Amino acid sequence: MLPAPPLPSVSPGLHAGFYDRPVVEVAEDLIGCTVAFTRAGELTSGVIVETEAYHDSEPACHAFAGLTPRTETLFGPPGRAYVYRSYGVHALLNAVCEPEGVGAAVLIRALEPLWGIEAMRERRGSVRDADLCSGPGKLTQALGIWLSENGGDLRRGPITIGPRADGWVQPSIVVGTRVGITKAVELPWRFCMAGNRHVSSPRPW
DNA sequence: CATGGGATTGACT
DNA sequence: GTCAATCCCATGC
């Protein structure tokens, strides 16, 4: 169960040091935090219910091949948005972690919608509400996040990630292996809010 | 410079 | 369950 939702304003972002830690730790701690984005004056936000960690030491991470034009943001300072195109079709949102010079990020894979649900429905078409943000490509579509947001500061916006709400109760978190990759498939670096209906498939329970 | 492979989704069988 | 869409960019010749 989620606590009462925060006010529908852009909450202050998490402090800079939050992201300057081991990426797997940040991935777990981001569960329950809030992503917000305003496009065309319309605020949409949701609670993070699923994440995955990626690190340049393992081959599933884009940064594994080193610093390239694509991975510039990944190797940059922590607390920025890494947004890239997936399968030529979708935009995927990540939070850059660990010190500058280390290529690491948390992929935001699913949200439980909080505000702007009507705007999400308009952008997503006729899908069940539980599927508005139940996948990494779905949530960027629902919030209206595009590649131009790559490199943005997650504390200042336009995309912000705010802390867990007051009264937040730590839920049980289910750990699993990452989705859709072919390398380093065994690493248990996927984190999901247990039993939450907005977690993407395949569900780890 | 040509090639091929995705951190996915939705439509269809 | 299968499969196409669609494009950035890393890799290799």
Side-chain angles (χ1 to χ4, degrees), chain A residues 19 22-28 30-31 33 35 44 46 48-76 78 80-98 102-113 120-152 154 159 161 173-193 197-204:
Chain A
Y19 301 99
V23 66
V24 177
E25 214 174 290
V26 180
E28 179 161 7
L30 277 174
I31 299 294
C33 295
V35 175
T44 46
I48 299 172
V49 298
E50 179 182 354
T51 62
E52 284 176 359
Y54 288 87
H55 189 274
D56 62 24
S57 60
E58 46 89 13
C61 183
H62 292 164
F64 183 69
L67 180 60
T68 66
R70 182 195 205 187
T71 59
E72 196 180 326
T73 304
L74 263 178
F75 282 98
R80 307 251 257 242
Y82 170 52
V83 185
Y84 73 95
R85 185 178 298 286
S86 171
Y87 289 91
V89 181
H90 308 284
L92 267 56
L93 170 66
N94 300 253
V96 176
C97 296
E98 308 213 9
V102 178
V106 174
L107 171 67
I108 312 298
R109 285 194 57 91
L111 304 176
E112 176 163 346
M120 293 185 190
R121 288 190 184 121
E122 285 168 21
R123 294 178 181 132
R124 292 272 299 130
S126 54
V127 299
R128 297 172 314 179
D129 277 6
D131 289 327
L132 285 174
C133 298
S134 62
K138 296 175 184 177
L139 72 90
T140 55
Q141 185 186 20
L143 271 59
I145 293 171
W146 301 114
L147 300 189
S148 53
E149 304 304 330
N150 183 45
L154 291 171
I159 305 171
I161 299 184
I173 290 177
V174 180
V175 182
T177 53
R178 296 174 296 179
V179 179
I181 55 171
T182 57
K183 300 163 190 167
V185 293
E186 73 287 351
L187 292 176
W189 284 8
R190 182 191 186 197
F191 301 91
C192 302
M193 194 183 294
R197 310 175 321 130
H198 302 81
V199 169
S200 73
S201 58
R203 302 214 167 118

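What's counted below: heavy atoms across the whole structure, side chains too, no hydrogens, waters or symmetry copies. Per chain, numbering begins at 1; letters A, B, ... match sequence-line order. Remember, predicted model here, so these are calculated numbers, not experimental data.
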Base-pairing mate for dA7(B) - Watson-Crick or G-U, with both contacts under 3.5 Å: none
Centroid distance under 5.5 Å and plane angle under 30°, Tyr87(A) vs dA5(C): no
Contact under 4.0 Å: [X] side-chain N or O vs [N] OP1/OP2:
X	N	answer
Arg109(A)	dT8(B)	yes
Arg190(A)	dA7(B)	no
Ser86(A)	dA7(B)	no

Heavy-atom closest pair, residues Asp129(A) and Arg121(A): OD2-NH2, 2.6 Å
Check: Tyr82(A) and Asn150(A) side chains under 4.5 Å, non-hydrogen atoms: yes
Given Val102(A), Leu67(A), Val96(A), Thr68(A), the one that forms side-chain contact (heavy atoms from CB on, under 4.5 Å) with Phe75(A): Leu67(A)
d([atom1], [X]; [atom2], [N]) in whole Å:
X	N	atom1	atom2	answer
Leu74(A)	dC9(C)	CG	P	12 Å
Arg85(A)	dA10(C)	CZ	C1'	17 Å
Ile181(A)	dT8(B)	CD1	C1'	14 Å
Asn150(A)	dC9(C)	CG	P	9 Å
His62(A)	dG6(B)	NE2	C1'	7 Å

Rounded distance (nearest 0.5 Å) linking atom OG1 of Thr51(A) with atom CG of Leu107(A): 8.0 Å
